[in-house]
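Quick caveat, the model's predicted, so the values are computed rather than measured. We're numbering straight along the sequence, starting at 1.
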Amino acid sequence: MVTRAEVFPPQELPPPEERLGPLGWIRRHLFDGWFNALLTVLTAAAVLFLGRAIWRWAVHARWGVVTDNLRIWTVGLVPHEHLWRAWWAGGLVAAAALLTAAGVRARVAPRGLAGLWGATVGAVLWLAAPIRIEQVGGLYLTLLLAVVAIGASFPLGVLLGMGRVSALPAVRVVCTVYIEVIRGVPLITVLLWFFVFATLVSGDVLTKVHRAMIAMTVFSAAYVGEIMRGGILSVPRGQREAARALGLSGWQAMAYVVLPQAFKNMIPALVGHFISLFKDTSLTVIIGLTELVGIGRALLGVTAYLHDVREVYVFLLVVYFVFSYLMSAGSRALERRLGLGER
């Protein structure tokens with residue numbers, strides 16, 4: 001005889017959804033107990049005190065050191081007749097970045113995005129051809145150093161990471177020595193080494209900007225290689241063995257099975273390193289480059305701005321924070337899109 005329970009099996013119902021109003025949320029999260037209430041009151045008092053002090057200082061600060069020199073802060077000493085080239089180049093890169101974000105959202109093929117950036121880079125190089133690179137400064141130079149170092153160190157770091165786990169002893173030893181030596185010295189040392197000794201080899205062929213780009217690329221590639229090694233090792237060995245069992249060669253298994261999963265796993269560490277590298281561009285001021293910090297130090301040497309130290313460094317803090325936050329937000333959006341940590 002068929003019972004009712006067999007015909008209508010019991011179903012597990014989800015717990016009822018609890019909806020809290022604003023007052024309920026505040027009561028639960030901020031005033032749940034005397035200790036939490038005391039902590040909330042003290043924190044609110046500290047925030048109000050600091051916020052009021054910062055607001056009063058910001059209203060009465062002498063922002064002329066920023067507002068009167070926006071062109072220098074942005075492009076440095078680029079001649080007036082070439083300013084339109086700098087603005088157009090920056091506009092093209094910004095438009096390409098927006099189109100890339102929209103393309104990723106619309107699932108445009110990577111080949112299309114690569115073509116977009118290839119055309120953008122070609123147009124920017126054509127526009128910037130008459131401008132000498134030593135004349136570029138400010139935010140443009142900061143972004144240029146960061147983009148070149150990130151773009152060049154990434155493929156080099158991928159090769160180093162693959163070599164670090166290679167089955168060939170000679171390749172593995174060379175990559176390991178490179179990574180350990182570079183990681184054992186600070187970036188300032190690498191910058192000074194290239195600034196001083198590269199001149200003995202290259203003469204005046206390489207400018208200070210070129211030497212800084214090479215030094216930052218060499219330095220960053222070691223860290224990218226180590227992050228890459230961690231990403232490769234995070235993929236279970238069985239994945240590669242299964243790929244080899246299906247007839248793929250070692251390179252094919254690495255390219256089609258291991259690397260896609262490794263890239264996905266190392267996105268947070270990779271973006272964190274690139275944010276750090278973007279901020280490390282400020283160290284190039286020690287070899288005389290006039291990137292953002294260099295422009296700030298130069299303006300503080302002008303008689304009219306001798307006492308505007310706080311305004312200059314608050315402005316630098318805001319600029320570095322905005323760009324670092326944008327990179328971090330882009331990383332979080334990419335992680336959500338790839339379902340990192342969810343599956």
Side-chain angles (χ1 to χ4, degrees), residues 43-44 46-48 50-55 57-59 61 63 65-67 69-70 72-76 87 89-106 113 117 120 136-154 157 187 216 219-220 223-224 227 263-285 289 291-297 309-342:
T43 304
V47 170
L48 286 175
L50 290 176
R52 183 170 175 269
I54 293 173
W55 173 257
W57 171 81
V59 169
W63 293 110
V65 66
V66 176
T67 57
N69 302 286
L70 284 178
I72 298 177
W73 281 110
T74 309
V75 297
W87 301 137
L92 285 175
V93 173
L98 292 176
L99 289 174
T100 301
V104 170
R105 197 175 186 81
L113 297 179
W117 279 101
T120 302
V136 179
L139 179 61
Y140 263 46
L141 182 56
T142 295
L143 294 177
L144 183 63
L145 290 171
V147 169
V148 170
I150 291 172
S153 66
F154 181 72
L187 176 58
M216 295 188 70
F219 183 81
S220 174
Y223 285 85
V224 174
I227 294 172
F263 281 131
K264 182 179 173 182
N265 294 338
M266 67 186 188
I267 286 175
L270 206 53
V271 174
H273 168 68
F274 288 154
I275 290 175
S276 176
L277 187 64
F278 167 72
K279 293 182 291 186
D280 284 345
T281 56
S282 59
L283 295 176
T284 57
V285 71
L289 296 190
E291 40 69 62
L292 275 173
V293 176
I295 291 292
R297 289 164 60 93
V309 178
R310 285 178 293 187
E311 287 82 354
V312 166
Y313 287 108
V314 167
F315 175 69
L316 290 175
L317 182 150
V318 172
V319 172
Y320 278 107
F321 171 77
V322 167
F323 280 91
S324 298
Y325 183 80
L326 288 176
M327 295 172 70
S328 179
S331 170
R332 288 197 299 272
L334 184 60
E335 292 171 19
R336 283 195 301 271
R337 188 167 190 81
L338 295 175
L340 195 60
E342 299 176 1

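In terms of the ring-ring contact (aromatic ring centres under 6.0 Å, His included) criterion, residue partners of Tyr223 (sequence neighbours excluded) are, by chain and number, Phe219, His273. For Thr100, the side chain to side chain donor-acceptor pair (under 3.5 Å) partners at least two apart in sequence or on another chain are Trp117. Legend: residues meeting side chain to side chain donor-acceptor pair (under 3.5 Å) with Thr74, ordered by chain and number and at least two apart, are absent. Residues satisfying the side chain to side chain donor-acceptor pair (under 3.5 Å) test with Asp280, not counting sequence neighbours, are none. Under the side chain to side chain donor-acceptor pair (under 3.5 Å) criterion, Ser324 pairs with no residue, sequence neighbours left out.
Counted within 6.0 Å of CZ on Arg297, heavy atoms from surrounding residues, nucleotides or ligands total 12 or fewer; the atom is thus considered open. Atom OH of Tyr313 sits in a crowded spot, with more than 12 heavy atoms from other residues, nucleotides or ligands closer than 6.0 Å.
Remark: Leu316 CG to Leu139 CG distance equals 10.5 Å, nearest 0.5 Å. The distance from atom CD1 of Ile275 to atom CG of Leu326, rounded to the nearest 0.5 Å, is 10.0 Å. Interatomic distance, Ile54 CD1 to Leu50 CG, rounded to the nearest 0.5 Å: 6.0 Å. For the atom pair CD (Glu291) and CG (Leu143), the distance works out to 11.0 Å, reported to the nearest 0.5 Å. Interatomic distance, CG of Leu292 versus OH of Tyr320, reported as 4.5 Å (0.5 Å rounding). Between atom OG1 of residue Thr120 and atom CG of residue Leu99 there is a gap of 8.0 Å, rounded to the nearest 0.5 Å.
Within the 4.5 Å cutoff, the side chain of Lys279 has no heavy atoms near those of the Phe321 side chain.
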Please tabulate, one pair per line, all N/O donor-acceptor pairs under 3.5 Å involving side-chain atoms of residues 144-154, not counting sequence neighbours.
unit_1 : atom_1 : unit_2 : atom_2 : d
Ser153 : OG     : Ala149 : O      : 2.6
Ser153 : OG     : Ile150 : O      : 3.4
Ser153 : OG     : Ser220 : OG     : 3.0

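When every heavy atom of Val293 is checked against every heavy atom of Ser282, the shortest pair comes out as CG2-CB, 3.5 Å. Nearest heavy atom pair, residue Phe278 against residue Thr281, reads O-OG1, 2.5 Å. The two residues Ser331 and Ile267 make their nearest non-hydrogen contact at OG-CG2, 3.9 Å.
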* To do: Please report the C-alpha distance between Phe315 and Thr67 in whole Å, then the side-chain angles of each, then the deciding distance to 0.1 Å, and finally whether the side chain to side chain contact (heavy atoms under 4.5 Å, CB included) criterion is met.
  => CA-CA 11 Å; Phe315 175 69; Thr67 57; over 6 Å; no
